[in-house]
Amino acid sequence: MRRPKLLYVPFWLSYVFLYLPIAVLVIMSFNSGESAYTFDGFSLKWYGVLAEDERILDGLVNTLIVATGSTVIATVLGTMMAVGLARFTKSKIMDALALMPAVLPDLVLAIGLLVFYGTIQLTLGLYSVVLAHALFSMAFVAAVVRTRLTGADTSLEEASRDLGAGPVVTFMKVTLPQLTPGIVAGALLAFTLSLDEFVIAYFTIGNNEQTLPIVIYSMIRFGVTPKINALAAILLLVSFTAVIAGQRLTKIGESRAQD
Amino acid sequence: MSRSRGRWLGAFVFLSPGLAYLVVLMLVPLALVFSYTVFQRGRFGGVVYEFTTENFERLFDPLYLSVLGDSLKIAAITTVAALLIGYPTAYLIAQLPRRWKTLALVAIVLPFWTNFIIRVYAWTILLSGPGLVNSALAKLGLGPFELLYNQGTIVAGLLYSYLPLMVLPLYAAIEKLDPQLREASANLGASGFTTFRKVTLPLTVPGVLTGSLFVFVPSFGNFVIPEMLGGNKSIMVGNLVRNQFLSARDWPFGATLSLALIAVLVVLLIVQAWAARRA
């Protein structure tokens, strides 16, 4: 097939464009000087400064609490939704409704929740963010689990029922184990989405707590230091590792399924 | 137990918890936001339940209309730019050998899975006064330029953040194409460009539409990127909404602005669905 040479220009441009800012940021995190912009020499000192910053550590703990809480809610509700949608209704409206939190702009969800919490006079805090994050995560879990259900074979469930198992036993012993890879993938997705989420957390967290993205955002507004670069480099490393590990895991899963 | 009764019971057991969650935390809040558009602002935020059309009148103030217009323009330019570099990228990825294909795709998606704020922040380091771009230009005897804080920087930031959302659906559409169609076109004497224009492009229109929507929607409603990269000079409708809710404390007007934002997106969705059906 023809591959005109000219096409390689935008192709490579895409990759340079995507990776140049990240590369510069990582390099600058090893700066020995005070500036976030000009490189004076190699040093790890900003990583040390970072480890002693309590605000960042607090933010990290809060982020993990929110991600864990919202992932648990989203995984339970999302999985149930997926089963209900795939097995018990053919309603297009229900399908659309289940996907809606993932499709609506985050800003719209954020102000909706802010207005709602204000109206019922709920004091904002970490749990209001947990509830908010579970809302959009649930849609992603439902979508991922549902893909698995549509492809799945229902004959095992029918066999279980024919052999006299009740609907509850069949669900727990047959349907659920078949769905496990989908549920794990959905939960991982929910967790990652929550870790990085900024807009909704920013609107629904109130004044007393901060998640890590909010800490970073407010630090940047007060000026840039190599400390933020060091934090950014660590977070980049963590998410890159997670994505590549996830990729490997799905590959292993796929090759096992083919054997 | 009859089959249909089992079906109803199952639907109820599995769907009602999630449905209740969606109603309480999404539908009721949205209804509240929309109802706020016809009420007056409270003195210290919140709302006074007295009917007014003032919020909608304010929306048609040239000042706010120009912000809506700018947001549309910025999101549209971003979408077109993403299409222009995303299409060739997706096209080439689809033709790479299998091994390289996965690697190339992962490399496109990877930045998308890192913290959004950090990715935007990386641009401020690159483009700031003493940053890398200006240092490189200085070596050539140019600049320094004020590269940050204008609409071009906002477009660059949006493009950077959402390019993967353009490449993925395009890749999916191009990958599905039967290579024999293009070979047939070439054998019948069509040039590379004619084949692209008459065969490849029309068959990948659904991918183009999906990718464009994926880029346009988050760009149009964005407030973080314009705030971090656009400075105070240029604001988008997302910034207006944010300000009304978090600083000006005029919730009814903020609600009206977000209704306008949603209205634009709904119109686009309808246009997209119509175009996809014709394609």
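FYI, side chains are in, hydrogens and waters are out, and symmetry mates aren't considered; it's all heavy atoms of this structure. Throughout, protein chains are lettered first and strands after them, A, B, ... in sequence-line order, and every chain is numbered starting at 1.
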Taking every heavy-atom pair that is under 4.5 Å apart, which of [options] has the most such pairs with chain A?
options	result
B:Phe34, B:Phe12, B:Tyr36, B:Phe220	B:Tyr36
B:Asn222, B:Leu19, B:Leu265, B:Val28	B:Leu19
B:Val106, B:Leu259, B:Leu32	B:Leu32
B:Leu159, B:Val109, B:Val217	B:Leu159
B:Leu261, B:Ile85, B:Ile117	B:Ile117

Side chain, backbone, both or neither of [X] within contact of chain B (heavy atoms, under 4.5 Å):
X	value
A:Met94	side chain
A:Met138	side chain
A:Val115	both
A:Leu114	both
A:Ile22	both
A:Ile111	both

Trace of the side-chain contact (heavy atoms from CB on, under 4.5 Å) decision for B:Gln95 with A:Leu7: CA-CA 12 Å; B:Gln95 293 173 31; A:Leu7 283 186; over 6 Å; no

Assess the residue pair A:Met81 and B:Leu15 against the criterion (side-chain contact (heavy atoms from CB on, under 4.5 Å)); give the C-alpha distance rounded to whole Å, side-chain angles, the decisive distance to 0.1 Å, and a yes or no. CA-CA 5 Å; A:Met81 280 286 256; B:Leu15 290 175; 3.9 Å; yes

Ignoring hydrogens and geometry, is there a side-chain-to-backbone donor-acceptor pair from [X] to [Y] under 3.5 Å?
X	Y	value
A:Tyr19	B:Ala107	yes
B:Tyr21	A:Leu131	yes
A:Tyr15	B:Ala104	yes

Output the distance between atom CG (A:Leu18) and atom CZ (B:Arg119), rounded to the nearest 0.5 Å. 9.0 Å

Candidate pair B:Val224 and A:Tyr202, rule side-chain contact (heavy atoms from CB on, under 4.5 Å), full reasoning: CA-CA 11 Å; B:Val224 181; A:Tyr202 183 65; over 6 Å; no

Answer with yes or no after comparing the ring centroid distance for A:Phe17 and B:Trp123 against a 6.0 Å cut-off, counting only values under it. yes

Pair A:Leu236-B:Trp113, side-chain contact (heavy atoms from CB on, under 4.5 Å): steps then yes or no: CA-CA 9 Å; A:Leu236 284 169; B:Trp113 285 109; over 6 Å; no

Indicate the ring-plane relationship of A:Phe88 and B:Phe14, choosing parallel, tilted or perpendicular according to the 30° and 60° boundaries. parallel

